[in-house]
2 protein chains.
Amino acid sequence: MSGRAVTIAEVARHAGVAVSTVSYVLSGKRAISADTRRRVLDSVRTLGYHPNAGARALASRRANVIALVLPLRAGMHVPVLMQFATSVVTAARRYDHDVLLLTADEGTDGIRRAAASALVDGLVLMDVELHDGRVDLLRELAEPSVLIGFPADPSGLTCVDLDFTRAGALCVEHLAGLGHRKLALLGAPSVVYERGTGFARRTWEGFTEAVDRYGLSGIALPCEETFEEVAAAVGGLLESHPDLTALVVHNETAVNHVLGALRLHGRRVPEDVAVVAICPDDIAERSSPPLTSVLVPAEDVGREAVRLLMDKLEGRAVPGGTLLEPRLTVRDSTRSGPA
Amino acid sequence: MSGRAVTIAEVARHAGVAVSTVSYVLSGKRAISADTRRRVLDSVRTLGYHPNAGARALASRRANVIALVLPLRAGMHVPVLMQFATSVVTAARRYDHDVLLLTADEGTDGIRRAAASALVDGLVLMDVELHDGRVDLLRELAEPSVLIGFPADPSGLTCVDLDFTRAGALCVEHLAGLGHRKLALLGAPSVVYERGTGFARRTWEGFTEAVDRYGLSGIALPCEETFEEVAAAVGGLLESHPDLTALVVHNETAVNHVLGALRLHGRRVPEDVAVVAICPDDIAERSSPPLTSVLVPAEDVGREAVRLLMDKLEGRAVPGGTLLEPRLTVRDSTRSGPA
DNA sequence: GCCCGTTGTCGAAGCGCTTCGACGCTCACT
DNA sequence: AGTGAGCGTCGAAGCGCTTCGACAACGGGC
């Protein structure tokens, strides 16, 4: 495995064919007789041949690498981001592509550089804000891209995400169906709303619209992430709205603090207060009581993003926006209606 | 930015020099007159030239890309892993390198492929276990690599990590200095120890050795991560060891549950029980009370790993093992000694 | 039996860059 | 004035691969 690497010329010599024949066997772009193909593949295996990525990229004008642009912003729940990231990597490998990790600290220059140098064939952008400088850059880039999340103006772009508006509404519908009339949403930290992060705002809108539509009474609040602040917020809420019987929590970090705070204030879940969370299943399942939840299907979103990107790379037309339908799983935290 | 990309030949023509001259200006590998250099750089700027990564890699046998091998295993604290990852990316960029993200699901094949195809010049491995199949592969690879974490046998490898043995001991020393005689360690989930994850075991050893050295009494336990289990573990501990006055927690996820459990059992921190955590500063600061802690300097470790890798790429000799000295920050959770 | 369309293979021309050797200068010394 | 050592620049040879056009060999249709 050390020393100089095996080249396609050595494989060709070993198999007694031309270099181009080896190439065609490997790419399948021309018909090759079964016999020749077998001989070539045998040689590939015995010599341990791996095509040189640089040479391949140069000749084919395809690097077989996509960029994953992943800023790490305050208030984002890192484990969920990593779920997206790993699902993108796994999906990319299924299309024989690798993933280059780009972070925020280079700003848009990193994106421009990676694209202009043909380091990557396309890009997947995560953590998209409503007004996001990177998005304008993408529009002028020759390289195709897919966004995970929707900016305010998604025209000319390809975006995938969970339908957070529906997710917010779905929580309300579930609680309304159980007879709850007075609900509250505890959302992301306020900094996330101020920054204009689409998914947070859309859940909020979905929640408030559904509350209106069902003629319920609802209050939506940002939610910070220390136990102290959560406890204070929950305490204030219970005091100012004593008739509150249900809570929607859209904040992975705060979920457990919310449960702790309810415990602290002597409220039982679900008997006194029903709770629905928008969070990964493992968080919902490990809470006590296990929480009724809408999960963010990171796996599906990442896979879909890669699929769309590969379609664009092949020149196929793709829809501008893909919204995944949320699904709600009922667990113990909403087993019963209000007293 | 669309259409065909600018090539070095166009830059050369625009600047009125030879292609090789442009190359030398950009790489600095030969002396170039100030005047020529300026003309070339001007042309580079006005044309918006970015060297083609594939061509460069092919000709120079250097991809200027390193691999970050990041398995996501159960029981690992993802935010901390991401701190490592971003710090590696940031550091790599300072050496003009990009980072290719490799995950676990390809196993060692992914590593072998990336190395053999010259996709990457070197590798950084994270989340290293004591007996790790990937490690044997690294030894036979021509490409240099650096591990974040130490396997059982680090011979022939380059490893960096926080000195977790010292970290465990440091917590004990701090508590001993405050007069505590009866301590407990709540560690990682048991699956992490069973898997043979070095840092978890080393903290454990550092803790128990220090306890012995100081003639104290100590008990070390794995710690699961749901509130229920933590509460049960803490409850059991307080019951079986009523004279316990100090807790060391080496589990980012469980830290807050531990505090919640102590609250639940009517113990005040630090008056009844002192708590020291090994976790990132932001977790320690946001707890209530803020926790005395030893932080895992992910930033430093990642930067150091990249520095070592670059040294190896340049053919410089590097130390086999680098252990970073832990630092303990005193906060409210250990302000006083035992009653 | 002749023509033509397939099928399978080959050789060669790049892809855009780095790097090596060559070469013409300019200067500081004899 | 003559020599040799840099210095600055150039041209050309690859790096290892893909892909295009060419071309045998082979049948099937007439």
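- If you check residues 34-47 of chain A against DNA chain D, you find no residue with a heavy atom closer than 4.0 Å.
- With sequence neighbours left out, A/F150 forms a ring pair (Phe, Tyr, Trp, His ring centres under 6.0 Å) with no residue at all.
- Residues satisfying the side chain to side chain contact (heavy atoms under 4.5 Å, CB included) criterion with B/A118, sequence neighbours excluded, are A/N52.
- Shown here are the side chain to side chain contact (heavy atoms under 4.5 Å, CB included) partners of A/H77, two or more places apart in sequence or in another chain: A/P79, A/V80, A/E252, A/T253, A/I283.
- Qualifying side chain to side chain donor-acceptor pair (under 3.5 Å) partners for B/D35, counting only residues two or more places apart in sequence or in other chains: B/R38, B/R39.
- If you take CG of A/L119 and P of C/dC15, they are 20 Å apart, rounded to a whole angstrom.
- When each of B/A31 and B/R61 is assigned the nucleotide of DNA chain D bearing its nearest heavy atom, the one mapping closer to the 5' terminus is B/A31.
- The salt bridge (charged side-chain N to carboxylate O under 4.0 Å, His left out) contacts involving residues 68-88 of chain A comprise A/R73-A/D127, A/R73-A/E129, A/R73-A/D132, where partners must be two or more places apart or lie in separate chains.
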Quiz item: Once each nucleotide of nucleotides 17-26 of chain D is scored for protein heavy atoms under 4.0 Å, what B/S/- sequence comes out, 5' to 3'?
Solution: BBBBBB----

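- For the helix from C/dG1-D/dC30 to C/dT30-D/dA1, the axis fitted to the five pairs at one end and the axis fitted to the five pairs at the other end meet at an angle of 40° (nearest 10 degrees).
- Each salt bridge (charged side-chain N to carboxylate O under 4.0 Å, His left out) pair with one or both residues in residues 5-29 of chain B, not counting sequence neighbours, would appear here, but there are none.
- With sequence neighbours excluded, the residues that form a side chain to side chain donor-acceptor pair (under 3.5 Å) with B/D300 are B/R303.
- Every residue meeting the side chain to side chain contact (heavy atoms under 4.5 Å, CB included) condition with B/E314, not counting sequence neighbours, appears here in chain and number order: B/R62, B/R316.
- When only modelled atom types and interatomic distance are considered, B/S117 and A/H50 share no side-chain donor-acceptor pair under 3.5 Å.
- Remark: B/V160 pairs with B/V146, B/V301, B/E304, B/A305, B/L308, B/T322, B/L324 by the side chain to side chain contact (heavy atoms under 4.5 Å, CB included) rule, at least two apart or across chains.
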